[in-house]
Amino acid sequence: MKWLGTRSAGLLLALPTWTVLGISRALHPDPAGTGTHTQLGLGRCPVLALTGYPCPMCGMTTTFALMADLRPVDAALNQPFGLVLFSLTVVAALSGAAQLLTGRPVVASLLERVLRREQLFAGLLLAGMIGGWVYKTAIVRGW
């Protein structure tokens, strides 16, 4: 019965990540580089609307849609940190699917590796998010 728990954990990771990738594929990237999320019925970014400056996540949905359309250069030019998040989503989706199909603890193995270097991993993600935000701010503001 242990394999059932392992496969269930794979499903719990695979289902949402594959859903995100599928939605990304269905969206049409907004040429402005922000606003793709409005196709999901969401409003315009309130930070961008109120201040004229993007929030740290501005452009991420557009970047995911660009990556799902296999346009990595356009995605990188839109929001570089989005490439990192998209890549992590793909790794999670494949890991979850592999665990679901094989019953092997693929996800636990990946998490163990990440947790060994948790502070480094968290620091790199934070630095990437800040760097992507600064980049996106420069693009939006025309600097």
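Every heavy atom of this structure was used, including side-chain atoms; hydrogens, water molecules and symmetry mates were not. Heads up: numbering here begins at 1 and tracks the sequence.
Across A93 and L21, no two heavy atoms sit closer than the pair CB-CD1, 3.8 Å. Residues L110 and S95 approach most closely at CD1-OG, 2.8 Å, considering heavy atoms. The minimum heavy-atom distance between A14 and A97, with the atom names listed, is CB-N, 3.7 Å. Nearest heavy-atom pair, L83 versus A75, reported as atom, atom and distance to 0.1 Å: CD2-CB, 3.8 Å. Closest approach of K136 and C58 over heavy atoms only: CG-O, 3.7 Å. Residues L15 and T19 share a closest heavy-atom pair of O-OG1, 2.6 Å.
The shortest side-chain heavy-atom distance between F81 and V84 falls under the 4.5 Å cut-off. In this structure, L40 and L27 have side chains that are in contact, with non-hydrogen atoms separated by less than 4.5 Å.
Under a cut-off of 6.0 angstrom, the local environment of CZ in R113 is sparse, with at most 12 non-hydrogen atoms contributed by other residues, nucleotides or ligands.
Distance check, rounded to the nearest 0.5 Å: CG of L66 to CD of Q79 gives 11.5 Å. In this structure, T62 OG1 and M67 CE are separated by 13.5 Å, a value rounded to the nearest 0.5 Å. If you take CH2 on W133 and CE on M60, they are separated by 12.0 Å, rounding to the nearest 0.5 Å. The CD1 atom of I130 sits 11.0 Å away from the CG atom of L125 when rounded to the nearest 0.5 Å. Atom CZ in R116 sits 15.5 Å away from atom CD in Q119 (nearest 0.5 Å). Atoms OG1 and CD1, from T34 and I139 in turn, are 12.0 Å apart once rounded to the nearest 0.5 Å.
Checked against Q99 for a side-chain contact (heavy atoms from CB on, under 4.5 Å), the options L12, L13, V107 give a single hit: V107.
W18 and V106 fall into different hydrophobic clusters, where Ile, Leu, Val, Met, Phe, Trp and Tyr side chains are chained together by heavy-atom contacts under 4.5 Å. Residues L70 and F64 fall into different hydrophobic clusters, defined by Ile, Leu, Val, Met, Phe, Trp and Tyr side chains chained together at heavy-atom separations under 4.5 Å. Residues V114 and L88 are members of one and the same hydrophobic cluster, defined by side-chain heavy-atom contacts under 4.5 angstrom among Ile, Leu, Val, Met, Phe, Trp and Tyr. Under the 4.5 Å side-chain heavy-atom criterion for Ile, Leu, Val, Met, Phe, Trp and Tyr, F121 and M129 are members of the same hydrophobic cluster. Under the 4.5 Å side-chain heavy-atom criterion for ILVMFWY residues, no single connected hydrophobic cluster contains both L42 and M57.
Think of Y53 as one node in a network of Ile, Leu, Val, Met, Phe, Trp and Tyr side chains linked at under 4.5 Å; its network also takes in W143.
One N or O on the side chain of R7 and one on the backbone of L101 form a donor-acceptor pair closer than 3.5 Å. With hydrogens and angles ignored, the 3.5 Å screen pairs no side-chain donor or acceptor of Y135 with any backbone N or O of N78. T36 places a side-chain N or O within donor-acceptor distance of the main-chain N or O of D30, the cut-off being under 3.5 Å. Of the possible donor and acceptor atoms, none in the side chain of S109 sits under 3.5 Å from a partner among the backbone N and O of P105.
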